[in-house]
Amino acid sequence: MFKFIARENMALSLSAVAAGLFALAGITWGLWIDSLVILFDGAYSLVSLLLSLLSLYAARIIRRPASKEYPFGRGAVEPLVIAIKGLVITLVCVLSLASAVAAVLDGGRAVSADKALVFAAVSVLGCAAVWVYLKWAERREPSGLLVAEQRQWFMDSVLSAAVLMGFGIAWWLEQGSLSAWSVYADPLMMIAISAYFILVPVKMTVGAVRELLLAAPPAEFVEEVHEAISSVGLAPEQVKMAKVGPNLMMEISLPANWSGRSDRLKWRLLRNLSDLPVRPAIFIRSLVS
């Protein structure tokens, strides 16, 4: 348990430090060469820094033991933080899309493509390295917060790769007879990137809100729980479940003539579900005949 906490904290801390460095570099470079896309990259990294700090704080809250005020713990903080992340990133994408459309309508935006290419190349390598590290850390110790961090950095990696490719095209246009069109490269890239990436945070938010509303968990969890339920002689219809953060809440309805012991039933189910990347919380309800 302590190893998991240390690894999760290390991964989230590294994500926060990297986001801070990329935010500083992106905003400074974007203002220097007057690029909307690089400014967006820097602004996104700044938002990632704030959200990474929020994830670090949330990780501490989630690990607090249950109390009288929170008898089931604070696992719901995880989907709450993920929902906030999704909403904030969606807002950044919408604002960037609006700015890019305005730039196109104003006749484009002249940007020094060679200087932008240098930043984009460094950004691709750095963002991809952080994303690979977070993916490795999450595979060793499954965590919803690390999955959300991964998605942030995956978006940043692909964004940087798109910027690199876009400014490569802009540089090529500048060298020939189509140089007049190069002023549209920056805002058009911003429109394409914002429109595409807005789907990722929207999905994050929808998934997190479903958890907060105690919706059915993902299909892979349902299938494994149904197999465990069948192995102890119960029908899948006798269990209701919902994933809330790191916890899988399960309510099992037993018939009035159930002859077994509920504590033994819980023990067998917990053993059968030990490979799940969440903590099962089992509640037994006996039906009155």
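The analysis underlying the following values was restricted to heavy atoms, covering all of them including side chains, and did not include hydrogens, waters or symmetry mates.
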Quick one, [X] and [Y] - any side-chain contact, counting heavy atoms below 4.5 Å?
X	Y	result
V222	P217	yes
I229	Q238	no
L234	V239	no

Could you state whether [X] and [Y] fall into the same hydrophobic cluster, counting links through intermediate Ile, Leu, Val, Met, Phe, Trp or Tyr residues with side-chain heavy atoms under 4.5 angstrom apart?
X	Y	result
I198	I82	no
L164	V130	yes
V132	F22	yes
L87	V209	no
L199	V88	no

Supply the atom-to-atom distance [X] [atom1] to [Y] [atom2], rounded to the nearest 0.5 angstrom.
X	Y	atom1	atom2	result
I282	R268	CD1	CZ	12.0 Å
I89	M204	CD1	CE	5.0 Å
K135	W153	NZ	CH2	16.0 Å
K240	S253	NZ	OG	6.0 Å
I284	L254	CD1	CG	5.0 Å
M241	F283	CE	CZ	14.0 Å

So, for [X] and [Y], which heavy atoms are closest and what is the spacing to 0.1 Å?
X	Y	result
K243	F221	CD-CE1, 3.4 Å
P79	L212	CG-CD2, 3.9 Å
A228	L269	O-CD2, 3.6 Å
P280	M250	CB-SD, 4.3 Å
L273	E224	CD2-O, 3.9 Å
V124	A161	CG2-N, 3.4 Å

Checklist entry - Parallel, tilted or perpendicular for Y133 and W136, by the 30°/60° rule? => result tilted

Item to check | Donor-acceptor under 3.5 Å (T28 side chain, A25 main chain) | outcome: no

Checklist entry - Any chance CZ of R264 has more than 12 other-residue heavy atoms, nucleotides or ligands included, within less than 6.0 Å? => result no

Next on the checklist: Around atom CD of E251, are there more than 12 heavy atoms from other residues, nucleotides or ligands closer than 6.0 Å?
Outcome noted: yes

Next on the checklist: Going by the rule side-chain hydrogen bond (donor to acceptor under 3.5 Å, both in side chains), which residues pair with S231 if we only count those two or more places apart in sequence or in a different chain?
Outcome noted: N272

Next on the checklist: I'd like to check the side chain to side chain contact (heavy atoms under 4.5 Å, CB included) partners of V244; sequence neighbours left out, ordered by chain and number.
Outcome noted: A76, L214, M249

